[in-house]
Structure formats: C-alpha cells, structure tokens
Amino acid sequence: MTISGAMLGYTTALYAAKADISMKKEQIIELNMCRKELKATKTALTEANRNITLPELTSKTWFGQLADAFDDIRDEMKLAGKEIKSTQLTNLLDRINEKINELKSDIQSLKNEVHSIEKKIEKEKQKQLEEKRGK
C-alpha cells in the first residue's frame, strides 16, 4: 500500500467510524422515545386496570347468572392487564434498556477507534512531511 493509499484507508475508516457513531446515537434517541411511550402506556394501563372493576357491583345492585359472568369477564380483563403491564411491558422496557446500554458501549468503543485512527493519520502526515523534506 502506498503512503497516499494508507492515508486514504485511514480517512475512510475514520469517516465510517464517525458515521457508525452517529447512527448509534440516533438509535438511542429513537429507543428513548419508545421507552417514554411505553412508560406512558404502562401508566395508562395501570389506570385502566383500576377502572375495570368500576363501578363495584354488589349483590343488591347486580345479581344472577349474567352478573356472575360479567364479574368473571372483568376479573379476566384485570388479570390480562396485569400480565401485559407487569410482565410484557416490563420485559420490553428491560430489553430497550439493555439495547441502549449496548449501543452506548459500542459508541465508546468507536470513539476509542476514532482516536486511534486519528493518531495513525497524524503519524502518516508526519511521515509524508518527512519524506517530502528528504526529497
């Protein structure tokens, strides 16, 4: 590889690493927005779950086979809401947090790589200057 080829290679690698950093930062922004929406959904689901059994029906106001079937449906809905909120949404939020942490780690590694490439470019520039002076 010629000297100018080495410089071209380093510069290409530098731009690629910086582009990757930008892309990962954008992914973090999008994941943070999703996380915010999911947390709002989780809060709304908690409120909706509280309201499922309202109004409370007593044996004086509501009775019989239809009343029992209706209460069973409300109980099933409440359990399903709890399952979605406590298990499914929590697991999804955990996976989003893990992905955000993974992306942050990748960004740090890429920043280290950028720093290393910049040092190589600087050394290559020095080498080219020395060769020009030697001619």
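Here the structure is a predicted model, which means the values were calculated and not measured.
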message: Walk me through whether K78 and D75 qualify under salt bridge (Lys or Arg N to Asp or Glu O under 4.0 Å).
response: CA-CA 5 Å; K78 192 168 188 170; D75 289 341; over 6 Å; no
- prompt: Can you list the steps and then say if E130 with R133 is a salt bridge (Lys or Arg N to Asp or Glu O under 4.0 Å)?
  reply: CA-CA 5 Å; E130 289 172 11; R133 289 180 187 157; over 6 Å; no
- request: Kindly indicate, with the supporting measurements, whether the criterion side-chain contact (heavy atoms from CB on, under 4.5 Å) is fulfilled by E47 and N51.
  value: CA-CA 6 Å; E47 185 61 31; N51 293 332; 3.6 Å; yes
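At distances below 3.5 Å, at least one donor-acceptor pair connects side-chain atoms of T12 with backbone N or O atoms of L8.
Taking CG of N97 as the start and CZ of R35 as the end, the distance is 5.0 Å to the nearest 0.5 Å. Here the CG atom belonging to N49 is positioned 8.5 Å from the CG atom belonging to L79, to the nearest 0.5 angstrom. Here the OG1 atom belonging to T46 is positioned 10.5 Å from the NZ atom belonging to K82, to the nearest 0.5 angstrom. Annotation: the span from K36 atom NZ to I96 atom CD1 amounts to 14.0 Å, rounded to 0.5 Å. Taking CG of L38 as the reference point, atom NZ of K85 lies at 14.0 Å (rounded to 0.5 Å). In this structure, CD in Q128 is found 9.0 Å from NZ in K125, a value given to the nearest 0.5 Å.
Cluster membership check: I52 does not share its hydrophobic cluster with L45, using side-chain heavy-atom separations under 4.5 Å among Ile, Leu, Val, Met, Phe, Trp and Tyr.
For L129, the CG atom sits in a packed shell: over 12 heavy atoms of surrounding residues, nucleotides or ligands are nearer than 6.0 Å.
Between H115 and N112 there is no side-chain heavy-atom pair separated by less than 4.5 Å.
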Side chains of residues 16-31: which donor-acceptor pairs under 3.5 Å do they make with residues two or more places apart or in other chains?
{"from": "S22", "atom 1": "OG", "to": "K18", "atom 2": "O", "distance (Å)": "3.3"}
{"from": "K24", "atom 1": "NZ", "to": "D106", "atom 2": "OD2", "distance (Å)": "3.4"}

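Closest approach of I117 and Y10 over heavy atoms only: CG2-O, 3.3 Å.
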